Novice: 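I'd like to ask you about the structure that follows.
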Amino acid sequence: MKKNDDINPGEQLQELLREICPPDAEDNSFISRIDYLVDAEGELKKLIYDSTINYVLRRLISTADFLKRQCDKQEKYDESFIVKLREFLKENMRFPEENIELIRVLITECLDAKRKKVNSTLKKEIRRTAKNNNRFCYLCGIELEYDLKSPNNVHNSVEVEHKWPRAMGGLSDAFNLEVACQACNGKKADYIDASDFHYEEICLVTDENDQHFSTEMKREYELALWAKTEFKCSLCQKPASDSGKLKLSRKNPNDSWHFLNIEIFCEQHSQLRR
Ligand SMILES: [Zn+2]
Ligand SMILES: [Zn+2]
């Protein structure tokens, strides 16, 4: 359970956006009709909703950053940025009046988080604890090389990663940090969750035993798929950081390898599914 102050401002802003604009329980929108058409049982609709909320979140944080840079250029005080952001929200967006001040405060906290890097003592501490517990990359489950000096080009060298991206209002505090391999850290970029990746690109033509499957199933795709279960086995909830690389399998064996047809399991449960 998280402590009260262990919540990323970006996450709080995302929650607020969901409250202001909740998904419709029943509707006959084009998205619902397409969801029905491809027999997604509401999963596609949810994905598009999540992805759109993330889009609005990204727009708000980036636009605020844009305005802040303009104020900084003109060497204006923080006060003028606050006024400018409030004006922007009132005049260029249509949020309910009663939510504007909280949105503004949260955006400002997101920008503060974006500008704050992890302090080097904390970074060392996190690496040390992870090494002592023999933690794997929390994203792909690879065994990590803890003793390499950075910077280097070794794909499984250790990096301290923000679970909720710093650029999207993630704090540089211990609760939001994990060890990841260099390869995953780069590819995860500032994606928030599975819906933030290019899930629509994941439509493979090869099958698991085909020679080109591992090439077609790119690391970005795997990250998007593992993100569906927050990098845990969907059955036992064991995280990749403890159990190693998570396996992918198809829900419907008559259907191809596409985002909505792929499930995520630990090694043990993946064998049970075969
Ligand atoms: Zn990794
Ligand atoms: Zn499992």
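Each ligand, and each atom within it, is numbered from 1 in the order the structure gives. Everything numeric here is computed off the predicted structure, so don't read it as measured data.
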Novice: Using a strict threshold of under 4.0 Å (side-chain N to carboxylate O), is an ion pair present between K188 and E159?
Specialist: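 Salt bridge absent between E159 and K188.
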Novice: Taking only residues two or more places apart in sequence or in another chain, which ones pass side-chain contact (heavy atoms from CB on, under 4.5 Å) with S29?
Specialist: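 Applying side-chain contact (heavy atoms from CB on, under 4.5 Å) to S29 gives D27, I31, S32.
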Novice: Taking only protein atoms, how many N, O or S atoms are found under 2.8 Å from the Zn ion (ligand 2)?
Specialist: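 My tally for this metal is 4.
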Novice: At the Zn ion (ligand 1), what is the angle formed between atom SG of C140 and atom SG of C184, rounded to the nearest 10°?
Specialist: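 The SG/SG angle about the Zn ion (ligand 1) sits at 100°.
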Novice: Is it true that atom NZ of K251 has more than 12 heavy atoms of other residues, nucleotides or ligands lying nearer than 6.0 Å?
Specialist: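 Yes, the 6.0 Å shell around NZ holds more than 12 heavy atoms from other groups.
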Novice: If you count every heavy atom of other residues, nucleotides or ligands that lies below 6.0 Å from Q211 atom CD, does the total exceed 12?
Specialist: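 No, CD of Q211 has 12 or fewer neighbouring heavy atoms, counting only those of other groups under 6.0 Å.
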Novice: Test side chain to side chain contact (heavy atoms under 4.5 Å, CB included) on K131 and V158 and set out the steps.
Specialist: CA-CA 10 Å; K131 186 184 172 183; V158 189; over 6 Å; no
Novice: Looking at K228 and D193, is there a salt bridge between them, counting it only when a charged N and a carboxylate O are closer than 4.0 Å?
Specialist: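 Salt bridge absent between D193 and K228.
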